[in-house]
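What follows is one structure encoded as structure tokens, with my remarks underneath.
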Amino acid sequence: MNGGGAESSGRTCGFVASPYEATASFVAGCAFGPEAIATELERAAHTDLRPGFAQVDDWTWVEAHHRSVVVPDTMRRDVESWTRALLVAGRLPILVGGEHTVTAGALAAFDDPSSITVVQFDAHADLRQAYEGTPWNHACAMRRALDRGHPLVQLGIRSAVREEIGEVYGVGADGSSGLLLRCGPPPARLLTRSGLRDRGLDEVLDGIGARIYVTIDLDVLDPGCAPGVGTPEPDGLSFWELLDALERILGGRTLAGADVVELCPARDDGRTARLAARLTAFLGTA
Ligand SMILES: [Mn+2]
């Protein structure tokens, strides 16, 4: 697909689809996420009237690999090479998953990890060293980002095990204040869902560098507005809360890349795919 247009202004984006699914913990089906998002992008992404939803004038869509790929090394290599190709072409890379493990492929395309803060929206911390026998489980996605040396800001978290929090933020960290900090390197900050509601974003904004990579696990949203995810968790963000947070974080910063992951069409009635496409287009014009 190519939505090229003569009125293109500024930076253009490229979507990299990674229908990768090898480690679903609960409900399988996120390998079909990119296809559902592509359908909605074609159908509706150019009609949004809300501020911030500029038309995606000039975009490309590539499938990094087939959905039969379940070997993490192959997925990472393919996603990395497509992401690099977009960066070389001067396009903003937006990755569409697939399970959260795909983020590792996109991050591998950036040679200066310490200068790119990863901003994660997610219900789950995804900080495990390994899970179910592999370090390339979706539950380890942000631990791998820290391994690369990316500063990390985690937002909307409401599910984690004591071990993964303790290993990254210090033994005994329980998140009861809503905010966890680690000096690093690389530095990391975690604001729980209740922390985001009670304290707001201010305390984490100054920890976010000038260049950012935004990763959005759709389960950060409330299952009421985004039921089509593999691992839903109650008390999520509204779509407006997510957009508001994104606008504040993006203000004055450069978006180096982004992804939208974990759409599970088998659990969806269409609303999550539509929302994910809107979000994908929003990031593509940021
Ligand atoms: Mn995740």
Side-chain angles (χ1 to χ4, degrees), residues 18-34 37 72 75-76 79 94-108 117-132 134-148 150 152-161 163-165 167-169 175 180 188-193 196 212-223 225-237 241-242 245-246 257-265 267-268 272 275-276 279-280 283:
S18 178
Y20 176 80
E21 177 171 21
T23 67
S25 305
F26 186 47
V27 176
C30 67
F32 295 91
I37 289 174
M75 175 278 290
R76 290 203 311 281
V79 172
I94 308 291
L95 173 63
V96 182
E99 66 173 60
H100 213 158
T101 315
V102 301
T103 302
L107 292 181
T117 302
V118 172
V119 179
Q120 170 207 13
F121 288 89
D122 204 324
H124 311 93
D126 291 355
L127 288 173
R128 294 181 196 250
Q129 183 59 260
Y131 190 59
E132 293 180 338
T134 174
W136 300 110
N137 189 289
H138 65 95
C140 311
M142 294 302 110
R143 191 66 174 270
R144 300 291 84 81
L146 284 175
D147 289 349
R148 286 202 85 236
H150 290 282
L152 175 65
V153 175
Q154 310 189 268
L155 300 170
I157 311 298
R158 51 199 187 276
S159 174
V161 295
E163 288 76 14
E164 61 183 322
I165 294 296
E167 283 170 18
V168 170
Y169 291 100
L180 295 171
R189 293 166 185 233
L190 184 153
L191 190 58
T192 63
R193 196 289 174 256
L196 185 62
I212 60 175
Y213 180 97
V214 172
T215 178
I216 298 176
D217 186 326
L218 290 164
D219 64 31
V220 74
L221 291 160
D222 192 81
C225 68
V229 295
T231 317
E233 297 286 349
D235 188 26
L237 277 61
E241 275 183 288
L242 175 58
L246 280 171
D259 63 55
V260 176
V261 300
E262 298 280 354
L263 173 66
C264 182
R267 274 295 177 98
D268 197 20
T272 319
L275 183 157
L279 200 52
T280 305
L283 290 165

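Note that ligands are numbered from 1 as they come in the structure, with each ligand's atoms numbered from 1 the same way. What you see is a predicted model, and the numbers here were worked out from it, not measured in a lab. Any value given below was found using the heavy atoms of this structure, including those in side chains, with hydrogens, waters and symmetry copies removed.
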| At what distance, to the nearest 0.5 angstrom, does CG of D217 lie from CZ of F121? | 12.0 Å

| field | 4.5 Å side-chain heavy-atom contact, V119 and Y213 | value | no

| query | Of all N, O or S atoms in D126, which has the smallest distance to the Mn ion (ligand 1)? | reply | OD2

| message | To the nearest 0.5 Å, what is the distance between CG on L180 and OG1 on T192? | response | 8.0 Å

| query | the Mn ion (ligand 1) is nearest to which N, O or S atom of D217? | reply | OD2

| How is the N/O/S atom of D122 that comes nearest to the Mn ion (ligand 1) named? | OD2

| note | The atom name of the N, O or S atom in H100 nearest to the Mn ion (ligand 1) is ND1

| said: Test salt bridge (charged side-chain N to carboxylate O under 4.0 Å, His left out) on R193 and E241; report intermediate values, then the result. | reply: CA-CA 11 Å; R193 196 289 174 256; E241 275 183 288; 2.9 Å; yes

